[in-house]
Amino acid sequence: PPGVLILFVLLGLSQAGPESVLYSVAEETEVGSFVGNLARDLGLGVEELSSREARVVSDDNEKHLQLDLLTGDLLLNEKLDREELCGSTEPCVLHFQMVLENPLQFFRAELHVKDINDHSPMFLDKQILIKISESTSIGTTFLLESAQDLDVGTNSLQNYTISPNSHFYIKIRDSSDGKLYPELVLDRALDHEEEPELTLTLTALDGGSPPRSGTTLVLIKVLDINDNAPQFAQKLYEVHVLEDTPIGSWIITIFANDLDAGNYGKISYTFLHASEDIRKTFEINPISGEVHLRSCLDFEVIQFYTISIQATDGGGLSEECTLLVKVIDINDNPPEVTISSFTKSIPENASEILVALFSVRDQDAGDNGRIVCSIQDELPFFLKPTFKNFFTLVSEKALDRETKSEYNITITVTDLGTPRLKTQLNLTVTVQSSYTLRVRENNSPALHIGSVSATDRDAGANAQVTYSLLLPPHDPHLPLASLVSINADNGQLFALRALDYEALQAFEFGVRAADRGSPALSSQALVRVLVVDDNDNAPFVLYPLQNGSAPCTELVPRAAEAGYLVTKVVAVDGDSGQNAWLSYQLLKATEPGLFGVWAHNGEVRTARLLSERDAVKHRLLVLVKDNGEPPLSASVTLHVLLVDGFSQPYLPLPDVAAAEARADPLTVYLVIALASVSSLFLVSVLVFVAVRLCRRSRHRLLVLVKDNGEPPLSASVTLHVLLVDGFSQPYLPLPDVAAAEARADPLTVYLVIALASVSSLFLVSVLVFVAVRLCRRSRAASGGGCAVPEGPFAGHLVDVSGTGTLSHSYQYEVCLRGGSGTGEFKFLKPILPSFLGLGEERISEGNPNFRDNFEFN
């Protein structure tokens, strides 16, 4: 039927894709701890989280995490116990999704719960009894009960030790499942008469920091000789059990045989290396070997059990086998429905409105977990699958409130198990009145755009209706309060300011109609305003650019056929509909009839074959016009140059050449200014050096003081004398300071000399640059010693401009051979512009001989 959508979903098979966002957190972390900024990691804005009703949905429907919509932070909602969540599974991964609405979007993510060392190794038996024959040979190993450590990784069980003794040591065996099992190895022969019993302490250590440990007592009874160990009929026993099997039911009987007689032939059965789950679920009769069910099975929790069973005879010899119990699923779980969002009221006259978003799951497997979702046939709604096990309830067509104002929808979710289980969810949806108004853009302020009307069957004040606007939460990008207003008495709506279709195409708001009774009763309606486009935007030409720079010049070979594509005029219009339909027209051409413009796509093509009599340069004026009322237009000028071939360089247009000539004096003025500043700086440095040298008038005197004795003794002293203009001058420094200044003077001189040298070098470079430019200009004016004939190549520079067909701009100094304007070049010398580095690199990449060999015919 058209109102029902049946979907079969196989749960439990889909996992997070490679695009999942990964987070990690240590177990037992406090509630409210920061996990990560989900908004930043997904590239979403924080304000987008609230507007799109973001939420976190876990696969197991548990609220482990919470999303802070104000910051986008993902926080812990509860303490996580890794062992409770994942058991021995590593890594421990919690899958969840972030759901966004309007539009509906899903993001997958994973939370890795890291293990901490919060559990000590623990032996399930406080005492291990081992019976060993005294005839046991040295090196014999005995299986010991292993310790259980709920932690994983390095925090799990890592080592075993035994208390010091003279008979045994511990050997650790690695199993295929990655667990460590202790074995007791006989190191020295036993003697029953000397020592009938030994009590040892077995210690289990984990790898945490600090390490945790657990101990158990190993009671060893030394027996008389026993040379036959028990033997099982088979090494692997396999049995299938329904998950609803009653407690106490018989599962299987394990049997082993021992050839010995008496006490040595008596066999006892025990579970070996059994986890706590196995011990809680099963039990074995130590004498008969019968295995019974101890607690209820649950396929959704554990699908199979692997049990190691040990048979030990009276002499202490033992053997083990494996029992594999597979749990068979039954249909004992009804489907689960989780509502993520629900809209109670929807507007009339609108189709495909999202009413509800929900997810379904069934913990059973196979057909027991396959699901069928449906609603009633007669309702104008349908179910739509979205992502994984999520569904949306959507209105099928526009609803009429006057026909029916309320719908009761029952969502039925049924599995395909035996017997079939189903879950039903009832939703009530009301239809809200709505109005649609159309307003042409650029309207006058305070324009009456429409009215809403409500009636009340009461009388007097109870029937007096007042109207008010119900505006959505404040949006800085859409200030509705400044767009519309309503007359409280008659419900007339007014546009407060001019609307612009290019900025806002539509908006909606609510209107509340309330009476004046006591208590006041009210009703609501939805008003949607559609802005109608007006032709208020003229076409804008994207190509060729008309920005006042060098004009775009297109090259056309003279051998071009009729219909040859010269260029294409590209334009856009900010309006919509027919106001944005553009047509192209050739208004003016240097030679009418030679070129044409296609009206619909702006392609400029040749209208006929070219001839030698056609002018070299052509100027086309193209008009771009929209289809509005009244029509708006824009024009663009194209320059076309006819050449004999694309290898022929073309001349710059006269206005471009004039612009380049006008730009030369600016360069000269800049060079003169730089030279003046450099000269002034050099003169200042020289004056400073001269003043320093003139002011140096310091004298040094060495005075000898001698007595008149026999032999005479003497002493000397050094005086520093400085000549000054007057005693108002500051006093002299002490001799050591003066010495330092004297030593510093050469450094100052060297610095001044270095600055003067750099300035001189810069000045000389500027002068050389000016001289080279002037020489090149004079040589260009005189033709460089090579006669340049008059003709199509007037002047000595050929400008290959990047605004036309070629991709870069170059200038070449050309001398022609002979008197023909189209003769072969005698030589071609490039004049490099300031950006030649990039162009030269590209030329070299394309053709390494281009710069040195370039010939035109």
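Numbers for residues simply follow the sequence, beginning at 1.
- Each of L393, V355, L399 was checked for a side-chain contact (heavy atoms from CB on, under 4.5 Å) with V429, and the lone residue meeting it is V355.
- Considering only residues two or more places apart in sequence or on other chains, E101 meets the salt bridge (Lys or Arg N to Asp or Glu O under 4.0 Å) condition with R55.
- Here the CE atom belonging to M98 is positioned 6.0 Å from the CG atom belonging to L49, to the nearest 0.5 angstrom.
- In this structure the side chain of L469 reaches within 4.5 angstrom of the side chain of F509, judged on heavy atoms.
- Between the CG atom of L111 and the NE2 atom of H64 there is a distance of 9.0 Å, given to the nearest 0.5 Å.
- Side-chain contact check for D73 versus N37: some heavy-atom pair is nearer than 4.5 Å.
- L493 has its side chain within reach of V452: a pair of non-hydrogen atoms, C-beta onward, lies under 4.5 Å apart.
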Margin query: Quick one, D59 with K388, criterion side chain to side chain contact (heavy atoms under 4.5 Å, CB included). Give me CA distance, side-chain angles, the key distance, then yes/no.
Written below: CA-CA 11 Å; D59 284 1; K388 203 175 179 180; 3.3 Å; yes

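- Taken to the nearest 0.5 Å, the CG atom of L65 stands 4.5 Å off from the CG atom of L74.
- Ring-plane geometry between F106 and F390 is classed as tilted, the angle between the planes lying from 30 to 60 degrees on a 0 to 90 degree scale.
- The shortest side-chain heavy-atom distance between V337 and I411 does not fall under the 4.5 Å cut-off.
- How far CD of E48 is from CG of L100: 6.5 Å, rounded to the nearest 0.5 Å.
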Next item on the list: Apply side chain to side chain contact (heavy atoms under 4.5 Å, CB included) to the pair L85 and L80, showing each step before the final yes or no.
Entry: CA-CA 8 Å; L85 293 173; L80 301 179; 4.1 Å; yes

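- Sorted by first then second residue, the disulfide bond (SG atoms under 2.5 Å apart) pairs that include residues 36-97, not counting sequence neighbours, are C86-C92.
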Note to self: What verdict does the side chain to side chain contact (heavy atoms under 4.5 Å, CB included) test give for M122 and L124, after you've listed the backbone C-alpha separation in whole Å, the side-chain angles of each residue and the deciding distance to 0.1 Å?
What the structure shows: CA-CA 6 Å; M122 181 181 63; L124 299 180; 4.0 Å; yes

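- Checked against side chain to side chain donor-acceptor pair (under 3.5 Å), K344 has no partners two or more places apart in sequence or in another chain.
- D367 and R370 are joined by a salt bridge, as a carboxylate oxygen and a charged side-chain nitrogen come within less than 4.0 angstrom of each other.
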Notebook entry, point to check: Can you list the steps and then say if T410 with Q376 is a side chain to side chain contact (heavy atoms under 4.5 Å, CB included)?
Noted result: CA-CA 7 Å; T410 301; Q376 302 97 304; 3.6 Å; yes

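- One finds the CD atom of Q105 at 11.0 Å from the CZ atom of F387 (value rounded to the nearest 0.5 Å).
- Classified by interplanar angle (parallel below 30°, tilted 30° to 60°, perpendicular above 60°), the ring pair F282/Y305 is perpendicular.
- Here the side chains of V531 and V439 are not in contact, with every heavy-atom distance at 4.5 Å or above.
- Residues T71 and V46 form no side-chain contact, since every pair of their non-hydrogen atoms from C-beta on lies 4.5 Å or further apart.
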Item checked: Audit row: N333, D364, side-chain hydrogen bond (donor to acceptor under 3.5 Å, both in side chains) steps and yes/no -> CA-CA 6 Å; N333 292 285; D364 294 318; 2.9 Å; yes

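- The structure places CG of L421 at 5.0 Å from CG of D415, a figure rounded to the nearest 0.5 Å.
- Note on E30 versus K79: salt bridge recorded, some NZ/NE/NH1/NH2 to OD/OE distance being below 4.0 Å.
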Next item on the list: Take D575 and N537 through the side-chain hydrogen bond (donor to acceptor under 3.5 Å, both in side chains) test and state the conclusion after the steps.
Entry: CA-CA 6 Å; D575 295 317; N537 288 280; 2.9 Å; yes

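- No side-chain heavy atom of N426 sits under 4.5 Å from any side-chain heavy atom of N408.
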